[in-house]
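The block underneath contains the structure these notes are about, expressed in structure tokens.
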Amino acid sequence: MLFKKSIPTLIAEAAESGEGTLKRTLSSSGLVALGVGAIIGAGLFSLTGITAAENAGPAVTLSFIVAAVGCAFAGLCYAEFAAMIPVAGSAYTYSYATMGEFVAWIIGWDLVLEYALGAATVASSWSQYFNQFLLEFGIHIPHNFLHGPWEGGVVNLPAIFIVCLLSLLLMRGTQESSLVNNILVVVKVAVVLIFIALGWSFIDPINHQPFIPVNEGEELVKSGQLGFFEFFKSDYFGHFGISGIMRGAGVVFFAFIGFDAVSTAAQEAKNPQKGMPIGIIGSLLVCTVLYVLFSYVLTGLENYKLFAGDAKPVATAFAKTGYTFLNTALIIAILTGYTSVILVMLLGQSRVFYTMSKDGLLPRFFSDLSKRQTPWKTNIIFMIFVSIFTGFVPVSDLGHMVSIGTLFAFTLVCIGVMVLRKVNPEAPRPFRTPLVPLIPILGIIVCIAMMASLPIESWERLAIWMALGIVIYFLYGKRHSKIRAEVEAGKSQGPTV
């Protein structure tokens, strides 16, 4: 049996208002800003240079385009669901309506990778740039308080500080958080545009030659000296050439994580039927254009090989312009970029757990709301959880884990659109994904291709995380499921088989 939540039940939940429900305060422009705030951050300012040096060279621009195409397919599917079922919970809620409770739990647990660990990873990077900012004024944070014990320090205090500060802001209210996010978005987008405008005239065409560096393994495959599957397993795979572009797409995919966070705020949108598609597709389009232009300028200012091991590739490249007086502004832009990403990821995770708790799959306190109608207990729990990771655990290698978890979520959303079109074709759809099933199928193919290009360690970590989630589901979630309780008590029409 597949225990599902019916579409009418979800729509009824979306229509609830008053005490005990989330407050609708977000406009369409606020939703676009929410998406841009989540997307532009660590991926743009750090991963671009790393991916160029290790995987794609100047063709990192193409990696961004491949990743954007996969996101576009998934984004169109998200938009249909978000407008049709404007309830907090994102892919978790959509899976509950289409593929049943167990798959919904898997996707909800999977989203912890994207939001909670993503926030921890970004907060860790934020602290390094914050220290760089303080150095401009002669203030230095000791090494022991910038790194955890596994990195030769004691605790990453600035990272814990920013996580706690933003968690407290979220507890104050979504409207206040959205206002702060809008300000951060304006600042960082302005500086990104300045970087592109000023850097464009300093591009050296030689740095873009060859645009796609040669992969020796691919050459051996063409000559018949190396089999394709041997190449796939070898160290050649993913280091330049076409395979480098694909692996680069899987890596920089982390830079696009965030547009789906718009859907987690569906229950707080003023007009979700109109606002959700605009927020999701609009933020994705804006960021894709900025990413392609930014990566092109970055690799044109400096040879991609020099970005290897460089924690601040943007600053390295910008130095070529001679506008050194803008270095501080650049650091501020990176800090604001990271800050808004952490803010939206913390918001997204709390909304997913809020919805799972409302369904009985998690303890009730996860859905308790404050007088300001925010899930404050969930905010506190994740403030502690994320602080532990970012303060004490080296999370620099978790970027791939976050990416593979998100790609898995996108794949299930694409499948969900096709399933719901088949089993419930008459349901009202304010926004319809075009060319179904072609668009969802293409989304599935691109997402799986990017997952396949990631290192095997990412798959192993995903498997371990999923196994832990399944254990928790059978020990608690399944026993406390409200849908199951209603079916067993004869209060519903029963599950779909």
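Keep in mind that the numbers below use all heavy atoms, side chains included, and drop hydrogens, waters and symmetry copies.
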Which atom of H208 lies closest to which atom of I203, heavy atoms considered:
CE1-CG2, 4.0 Å

For Y304 and P213 the tightest heavy-atom approach is OH-CG, 3.6 Å

Using side chain to side chain contact (heavy atoms under 4.5 Å, CB included), reason through F195 and Y323 one step at a time and then give a plain yes or no.
CA-CA 10 Å; F195 176 85; Y323 296 109; over 6 Å; no

Where I212 and I245 come nearest, the two heavy atoms and their spacing:
CD1-CD1, 3.9 Å

For L298 against G49, the heavy-atom pair lying closest together
CD2-N, 3.9 Å

Run the side chain to side chain donor-acceptor pair (under 3.5 Å) test on N215 and S243 for me, step by step, so that the C-alpha distance in whole Å, both residues' side-chain angles and the decisive distance to 0.1 Å come before the verdict.
CA-CA 8 Å; N215 182 306; S243 66; 3.3 Å; yes

Taking all non-hydrogen atoms of both residues into account, name the closest pair between T378 and S350 and its distance.
CG2-CA, 3.6 Å

Go through it in stages, so that I can follow the logic: the residues are I106 and F408, the test is side chain to side chain contact (heavy atoms under 4.5 Å, CB included), and I'd like the CA-CA distance, side-chain angles, deciding distance and then a yes or no.
CA-CA 10 Å; I106 291 294; F408 181 51; 3.7 Å; yes

Heavy-atom closest pair, residues G57 and T299
O-CG2, 4.4 Å

Residues two or more places apart in sequence or in another chain: which of them pass side chain to side chain donor-acceptor pair (under 3.5 Å) with S295?
T61

Checking Q128 side chain against L146 main chain: does a donor-acceptor pair fall under 3.5 Å?
yes

Run the side chain to side chain contact (heavy atoms under 4.5 Å, CB included) check on V419 and I415 step by step: do they pass?
CA-CA 6 Å; V419 171; I415 294 172; 4.0 Å; yes

Using 30° and 60° as the class limits, which term best fits the ring planes of W105 and W109: parallel, tilted or perpendicular?
parallel

Heavy-atom side-chain contact between V297 and L293 under 4.5 Å:
no

What distance do L198 atom CG and F318 atom CZ have between them, rounded to the nearest 0.5 Å?
5.5 Å

Tell me, please, which residues at least two apart from S283 pass side chain to side chain donor-acceptor pair (under 3.5 Å).
none

CG/L407 to CG/D110 distance, rounded to the nearest 0.5 angstrom?
9.5 Å

Can any side-chain N or O of W459 pair as donor or acceptor with the backbone N or O of M451 at less than 3.5 Å?
yes

Is the backbone of F353 close enough, under 3.5 Å, to the side chain of S357 for a donor and an acceptor to pair up by distance?
no

Listed partners of T339 passing side chain to side chain donor-acceptor pair (under 3.5 Å), at least two apart:
W126

Report the residues that fulfil side chain to side chain donor-acceptor pair (under 3.5 Å) with S127, sequence neighbours left out, ordered by chain and then residue number.
N156

Compile the donor-acceptor pairs under 3.5 Å between side chains in residues 427-448 and protein atoms, sequence neighbours left out, one pair per line.
from, atom 1, to, atom 2, distance (Å)
R429, NE, E80, OE2, 3.0
R429, NH1, N424, O, 3.3
R429, NH1, P425, O, 3.2
R429, NH1, A427, O, 3.1
R429, NH2, L420, O, 3.3
R429, NH2, N424, O, 3.2
T433, OG1, L76, O, 2.8
T433, OG1, E80, OE1, 3.1

Mind jotting down which residue pairs meet the salt bridge (charged side-chain N to carboxylate O under 4.0 Å, His left out) criterion with at least one end in residues 314-330? Sequence neighbours excluded, please.
E302-K320

Checking side chain to side chain contact (heavy atoms under 4.5 Å, CB included) for the pair M450/I404: CA distance, chi angles, key distance, verdict?
CA-CA 8 Å; M450 285 191 281; I404 198 169; over 6 Å; no

Just wondering, are more than 12 heavy atoms of other shown residues or ligands nearer than 6.0 Å to CZ in F385?
yes

From the list Y129, F130, F133, ring pair (Phe, Tyr, Trp, His ring centres under 6.0 Å) partner of Y338 resolves to Y129

Should the ring pair F410 and Y78 be called parallel, tilted or perpendicular, given that the plane angle runs from 0 to 90° and is split at 30 and 60?
perpendicular

Side chains of I196 and V192 in contact at under 4.5 Å (non-hydrogen atoms)
yes

Quick one, V66 and V252 - any side-chain contact, counting heavy atoms below 4.5 Å?
no

Are the side chains of L369 and Y354 in contact, using a 4.5 Å heavy-atom criterion?
yes

Does the side chain of V352 reach to within under 4.5 Å of the side chain of Y115, using non-hydrogen atoms?
yes

Under a 4.5 Å cut-off applied to non-hydrogen side-chain atoms, are P158 and I141 in contact?
yes

d(L193 CG, L290 CG) to nearest 0.5 Å is 5.5 Å

Quick check: do L343 and L347 have side-chain heavy atoms less than 4.5 Å from each other?
no

Look at the rings of F366 and F382 and say which category their plane angle falls in: under 30° parallel, 30 to 60° tilted, over 60° perpendicular.
tilted

Can you tell me how far the CD1 atom of I281 sits from the SG atom of C71, to the nearest 0.5 Å?
10.5 Å

Polar side-chain atom of S124 near backbone of T121 as donor-acceptor pair, under 3.5 Å:
no

Under a 4.5 Å cut-off applied to non-hydrogen side-chain atoms, are L301 and T321 in contact?
yes

